[in-house]
Number of protein chains: 2
Amino acid sequence: MANPRSTTRAGRSTGAVTLQRVAEHAGVSIATASRVLHGGGSRTVGEELRRRVESAARELGYVSNAPAQALARSATSVVGLIVHDVADPYFAAIAAGAMRAARRQRLMIMIAATFRDPELEIEYVRSLRAQRARALLLAGSGTDDRSLTDRLAAELAGFREDGGRVACIGERGAGPAVPLDHAGGAARAATELWRLGHRRIGVVAGPAELLTVQQRLAGARQALAQLGGELPDSRVVFADFTRAGGREAALELLAREPGLTAVLALNDVMAAGVLAAVQDDLGRAVPGDVSVVGFDDVPFAVDLRPALTTVRLPLEEAGERAVQLVVEEAPADRPPLGVSLVVRDSTGPAPQR
Amino acid sequence: MANPRSTTRAGRSTGAVTLQRVAEHAGVSIATASRVLHGGGSRTVGEELRRRVESAARELGYVSNAPAQALARSATSVVGLIVHDVADPYFAAIAAGAMRAARRQRLMIMIAATFRDPELEIEYVRSLRAQRARALLLAGSGTDDRSLTDRLAAELAGFREDGGRVACIGERGAGPAVPLDHAGGAARAATELWRLGHRRIGVVAGPAELLTVQQRLAGARQALAQLGGELPDSRVVFADFTRAGGREAALELLAREPGLTAVLALNDVMAAGVLAAVQDDLGRAVPGDVSVVGFDDVPFAVDLRPALTTVRLPLEEAGERAVQLVVEEAPADRPPLGVSLVVRDSTGPAPQR
DNA sequence: CTGTTAGCGCTTTCAT
DNA sequence: ATGAAAGCGCTAACAG
């Protein structure tokens, strides 16, 4: 004989334990059950019934149905986070911060990785919109592609109209943001190099179309100009924001401008590649022959060979702030996150010649 | 029958665009609209109506309501992934693989980070159960705590009863798993060290209660025993699976057993700490004085100083397989993922004495 | 091929 | 304080 979960009255096949069943089991109305099990604080149910409902729920192993709740109250507790690549320590750090904050707010984070495809980013905000996510966090850099940006903006506008909140990590003109001073950081790095006597500095940059890259590059360029130096285009090479990209770019850069005494990598992952290129491929000493500075200060920067001098960005905190921004746990006008230069062993005085 | 909702455009800027509205706008029934907009492939709608519905949806800017769909068909397209810490490259790699596979299946990944708190893991499977996630991926190591394990198992059983699928990355007796040969990998590492002439080998291990740690440790111990060597408890120190943990453990290990010529770190992040301890704190050479081998082969292993010899685990692929396992995109009996030893520069012959 | 019509499980007035 | 009932937006029989 079959062994159904409980005796069924008419046809109604059993299985999932619903609020309905909990209510029956406790001998109360479904409304009451809802109030005790999901009622937000406003305890408006008598002690006796409350107890009965609670034990019924426990006995039956009740688990609330989030989609049903979402439908009924048209609001979910999921926050979408769109990153380029979770395996990239930059995004991993942001995600970690966001998740920490989410836990405090009892929110769930749904992460989508675009693998650097802007089309996918748009597709994902649409998905998250369909999920009726409570908020959306855009962690990746924006692009200077107007059409893409406009389409994204349209999708985000729709999301907001449905009542969703949006926050960006780093300015990208698509809503409130947790500002990240890319330009300032790059300026700090360039200035340090200048101070060390470097006059011929090259830059290994990420994809040229990324706003973040443009801002960092502009910061370095401006600082150098102000100092009386320069950063001609011939000293900048763009590549993927990866270790391989950094390595190739460094090789090209130093082939093109052999006299460079320092290179600024626009992120730490690329810096790792630069270090490999300079030391292993080219057999030059760091910082003896050429100094290298990175950007972001991801966890492994200190373990690089030599330990990387880099611009520190408080990524985890940025992630936390982003969720605070969308759940208004904190005032929107907090002092911006500071960037700082962490001087380690990959930089030194410019070699005499 | 007056529709109370769409009483025209007075006041409120017409609420959400629902299927109902799209249907009206297209002059078809809501069922037809549903069929064209969400109908899975089985095109059973006339060309004419199909076109009308599609353009109506576009004009109105319709976005489907996932929670409503989930409720109606009692199935979602979200897959939960529970990790210890997204910022840890081990989990980041797994997550990246999972997301890549998820995209192909048009699934969304909801990541929950336990920050290494087993209680939280249980809490999160409950949450994901409430979300009616289609599947659950457990990426973290299990524990040898019986009570915790039982409670988790109970929760997972409930999840399965509701129709959810579960997969683990690495065996943990909680359902089908993407096997990861922790023991075999450790054996390979230990054997290599032995081959290089090392006879006094120490181990810097992660938390003792983690199954993964126990398996790796057992693998190393057994290999050594087989070779005629040994791994007494005095040569094993447990600490957090972090850089700091690795560093402290290495310091303690070498203080306790100064004669060690090699140390096996049970993951690469710890290995980074070991390298720092040995070289920077103790001023000993690697691999001249002591050889170091890591575990996992995370991306930065090659950039460590010196480049780390380590056991390679195909983490991204494991993540991909895990989602394939729960959506049965692939047969369950695929050949297990292979582990291999990547020999780099942190290992060398045992020093003569 | 298209429309009707029950629900899916829960929240939330509105009464009592 | 508690219950009855009307939805929330969509899917899936079940007719035509």
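These values consider heavy atoms only, across backbone and side chains, with no hydrogens, waters or symmetry-generated copies. Since we're looking at a predicted model, the values are computed, not measured. Chain naming here is simple, since letters A, B, ... match the order of the sequence lines and numbering starts at 1 in each.
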Legend entry - A:Ser34 side chain near C:dC10 phosphate (N/O to OP1/OP2, under 4.0 Å): no
Legend entry - Rounded distance in Å - CG (A:Leu19) to P (D:dA5): 17 Å
Inset, instruction - Quickly work out the A:Gln20 CD to C:dC10 P distance and round it to whole Å. - result: 9 Å
Inset, instruction - Evaluate the criterion side-chain contact (heavy atoms from CB on, under 4.5 Å) for residue pair B:Arg103 and A:Tyr124; output intermediate values, then yes/no. - result: CA-CA 10 Å; B:Arg103 179 156 83 80; A:Tyr124 277 130; 3.6 Å; yes
Inset, instruction - Before accepting this row, confirm whether a basic side-chain N of the pair A:Glu54/A:Arg58 lies closer than 4.0 Å to the acidic partner's carboxylate O. - result: no
Inset, instruction - Using atom CD of A:Gln131 as one end and atom P of D:dG9 as the other, report the distance to the nearest whole Å. - result: 16 Å
Legend entry - Salt bridge flag under 4.0 Å for residues B:Asp88 and B:Arg116: yes
Inset, instruction - Calculate the interatomic distance between B:Arg50 atom CZ and C:dC1 atom C1'; express it in whole Å. - result: 11 Å
Inset, instruction - Find the distance B:Arg21:CZ to D:dC10:P and express it as a whole number of Å. - result: 11 Å
Legend entry - A:Gln69 CD to D:dG9 C1', straight-line distance once rounded to whole Å: 16 Å
Legend entry - Residues A:Arg321, A:Glu317: salt bridge by 4.0 Å N-O rule: yes
Inset, instruction - Between B:Leu71 and B:Glu48, just flag the one whose closest nucleotide in DNA chain C comes earlier from the 5' side. - result: B:Glu48
If you look only at distance, which donor and acceptor atoms sit under 3.5 Å apart when one is on a side chain in residues 90-97 of chain A and the other is two or more places apart or in another chain?
none

Legend entry - Proximity to the side chain of A:Ala16 - top-ranked nucleotide from D:dG9, C:dG9, C:dC1: C:dG9
Inset, instruction - To the nearest Å, give me how far apart CZ (A:Arg73) and P (D:dA6) are. - result: 22 Å
Legend entry - A:Arg51 and A:Glu47 ion-paired at < 4.0 Å: no
Any protein N or O atoms within reach of nucleotides 3-5 of chain C? Criterion: under 3.5 Å, listing atom names and distances.
{"residue": "C:dG3", "atom": "OP2", "partner": "B:Ser29", "partner atom": "N", "Å": "3.1"}
{"residue": "C:dG3", "atom": "OP2", "partner": "B:Ser29", "partner atom": "OG", "Å": "3.3"}
{"residue": "C:dG3", "atom": "OP2", "partner": "B:Thr32", "partner atom": "OG1", "Å": "2.6"}
{"residue": "C:dG3", "atom": "N7", "partner": "B:Arg35", "partner atom": "NH2", "Å": "2.6"}
{"residue": "C:dG3", "atom": "O6", "partner": "B:Arg35", "partner atom": "NH1", "Å": "3.3"}

Legend entry - Side-chain N or O of A:Ser74 closer than 4.0 Å to phosphate OP1/OP2 of D:dC8: no
Inset, instruction - In whole angstrom, give the distance that lies between atom CG of A:Leu37 and atom P of D:dT2. - result: 14 Å
Legend entry - Electrostatic pair B:Arg106:A:Glu123 at N-O distance under 4.0 angstrom: yes
